[in-house]
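Below is one structure; the comments refer to it alone.
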Amino acid sequence: MSKKKLVVLSGAGISAESGLSTFRDTGGLWAQYRIEDVATPEAWRRNQKLVLDFYNQRRREVMNAQPNAAHKALAELEDHFDVTVITQNIDDLHERGGSKKILHLHGEIMKSRSSADYQLLYECRGEIHVGDKCELGSQLRPHVVWFGEAVPMMDAAIEETGQSEIFVVVGTSLQVYPAAGLLNYSPAGAKKFLVDPNKPDIMPVRNLEMILEKASVGVPQLVRRLINDFK
Ligand code: APR
């Protein structure tokens, strides 16, 4: 019998207990930095060093972080369901937690890319500095989607979400589009779950159960339920 299709949409909250800052919680990244200084094409044009240093710091933090119980529980689902993890996160904790099918809507901090060809990517396990060039001779940049830039993986994410029988949202304020809109692409009949200690400010959604817990508690609990209920 084919496995039911289960799609996950995760945000910074799933990595909070791994020690990585969220964006909009108290003391989050956007309380420490201005988005327009470090996460827009204009910022890149204005001050490449500031932007590179911001992401070098975040890459160091990701390399020092470990996947938590929520990342690992999502990987366990793959024995029982056809799982796709759609993440807004640029960390590699889903990969290191064992998930196999992952779509990074906002890019990946452990990769750099050419400024001249957005498809020319390189592994990056260190720092990027002004003067570091791609093989075409253009400045290397973080492989991250900045505000105002296209989200190339969005069509694939919509396609996956549209086929989901179970849709699980973990650790996102659902404030940033187009990612936040994915919840509306899950079929009306799909069972939807949302794990977050705070109730997000969203319109009511049919078939949505809120689990007001932090990810490391709520996700393993939900995974045990799903495996039990849907096997
Ligand atoms: N467990 C689960 N959820 C948590 C936890 C936790 N331990 N701690 C915080 N959260 C929740 C918060 O309640 C909030 O709903 O995680 C969410 C974090 O929201 P944001 O900081 O807005 O992060 P996110 O939704 O991922 O932001 C989306 O915005 O700045 C851009 O590109 C960036 O991908 C990011 C996008």
Side-chain angles (χ1 to χ4, degrees), residues 7-44 51 54-55 57-59 61-62 65-74 85-94 97 102-111 141-154 157 161 167-184 192-203 205 208-223:
V7 174
V8 178
L9 172 64
S10 70
I14 198 171
S15 298
E17 291 161 90
S18 296
L20 299 181
S21 297
T22 61
F23 294 93
R24 294 172 184 81
D25 286 324
T26 312
L29 278 169
W30 299 145
Q32 302 166 48
Y33 298 88
R34 287 165 12 109
I35 289 175
E36 52 272 26
D37 289 343
V38 293
T40 65
E42 293 71 28
W44 179 243
V51 174
F54 173 72
Y55 287 100
Q57 172 61 28
R58 295 190 59 209
R59 190 174 303 105
E61 288 160 2
V62 168
Q66 295 303 325
N68 62 55
H71 297 102
K72 293 173 187 166
L74 291 181
V85 174
I86 299 170
T87 187
Q88 299 171 86
N89 300 340
I90 58 176
D91 63 52
D92 62 346
L93 297 183
H94 280 300
I102 303 164
L103 295 182
H104 282 273
L105 291 179
H106 296 158
E108 299 175 66
I109 192 73
M110 303 310 288
K111 290 182 179 153
R141 58 168 278 182
H143 176 45
V144 169
V145 176
W146 289 326
F147 285 87
E149 292 190 313
V151 180
M153 304 295 276
M154 195 59 200
T161 302
F167 192 78
V168 178
V169 180
V170 185
T172 173
S173 61
L174 292 168
Q175 299 297 304
V176 175
Y177 286 78
L182 280 175
L183 181 54
N184 306 317
K192 305 169 190 76
F193 302 90
L194 185 145
V195 179
D196 193 313
N198 306 303
K199 200 168 183 301
D201 175 20
I202 56 170
M203 301 294 287
V205 174
L208 174 66
E209 178 184 335
M210 296 248 183
I211 300 168
L212 299 181
E213 291 277 3
K214 57 185 186 180
S216 66
V217 170
V219 175
Q221 277 174 358
L222 175 59
V223 165

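Whatever order the structure lists ligands and atoms in, that order sets their numbers, starting from 1.
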**OP:** Give the numbers and elements of all ligand 1 atoms closer than 4.0 Å to a heavy atom of Val176.
**Re:** 28 (C), 29 (O), 36 (C)
Subject >> Sub-4.0 Å atoms of ligand 1 with respect to non-hydrogen atoms of Trp30 >> reply: 30 (O)
**OP:** Examine the proximity of ligand 1 to Lys214 and report which part, side chain or backbone, both or neither, has a heavy atom under 4.0 Å away.
**Re:** both
Original post:
Short N/O distance, under 3.5 Å, between Ala16 and ligand 1?
Top reply: no
**OP:** Ignoring hydrogens and angles, state whether a donor on the side chain of Asn68 or Ser216 is under 3.5 Å from an acceptor on the partner side chain.
**Re:** no
**OP:** Check whether any side-chain heavy atom of Val8 lies under 4.5 Å from a side-chain heavy atom of Ile14, and answer yes or no.
**Re:** no
Original post:
Below 4.5 Å, heavy atoms only, C-beta onward: do Ser15 and His71 meet side chain to side chain?
Top reply: yes
Subject >> atom 14 (C) of ligand 1: the protein heavy-atom neighbour that sits closest, reported with distance to 0.1 Å >> reply: Asp196 OD2, 3.6 Å
Subject >> Criterion side-chain contact (heavy atoms from CB on, under 4.5 Å) on Leu29 and Arg58, from CA distance to verdict >> reply: CA-CA 10 Å; Leu29 278 169; Arg58 295 190 59 209; 3.5 Å; yes
**OP:** Could you establish whether Pro197 and ligand 1 come within less than 4.0 Å of each other, counting only heavy atoms on the residue side?
**Re:** yes
**OP:** Using a strict cut-off of 4.0 Å, indicate which atoms of ligand 1 neighbour a heavy atom of Gly11.
**Re:** 26 (O)
Original post:
Any side-chain heavy-atom pair from Tyr55 and Ile90 closer than 4.5 angstrom?
Top reply: yes
Subject >> Sub-4.5 Å side-chain heavy-atom contact between Leu105 and Met154 >> reply: yes
Subject >> Asn89-ligand 1 polar pair, N/O distance under 3.5 Å >> reply: no
**OP:** Kindly confirm or rule out an N or O of Phe147 lying under 3.5 angstrom from an N or O of ligand 1.
**Re:** no
Subject >> Shortest reach to atom 24 (P) of ligand 1 by a heavy atom, considering only Thr172, Asn198, Leu194 >> reply: Thr172
**OP:** Say whether, by atom type as modelled, one donor and one acceptor occur between the side chain of Glu149 and the main chain of Pro41 under 3.5 angstrom.
**Re:** no
Subject >> Ligand-side contact atoms (ligand 1) for residue partner Ala215, heavy atom cut-off under 4.0 Å >> reply: 1 (N), 2 (C), 6 (C)
Original post:
Does ligand 1 have an atom under 4.0 Å from some heavy atom of Glu17?
Top reply: yes
Subject >> Residue, atom name and distance, where the atom is the protein heavy atom closest to atom 9 (C) of ligand 1 >> reply: Asp25 OD2, 3.1 Å
Original post:
How about Gln88 and Phe23: do any of their side-chain heavy atoms sit closer than 4.5 Å?
Top reply: no
**OP:** Could you go through the side-chain contact (heavy atoms from CB on, under 4.5 Å) check for Phe167 and Leu182 one step at a time?
**Re:** CA-CA 10 Å; Phe167 192 78; Leu182 280 175; 4.3 Å; yes
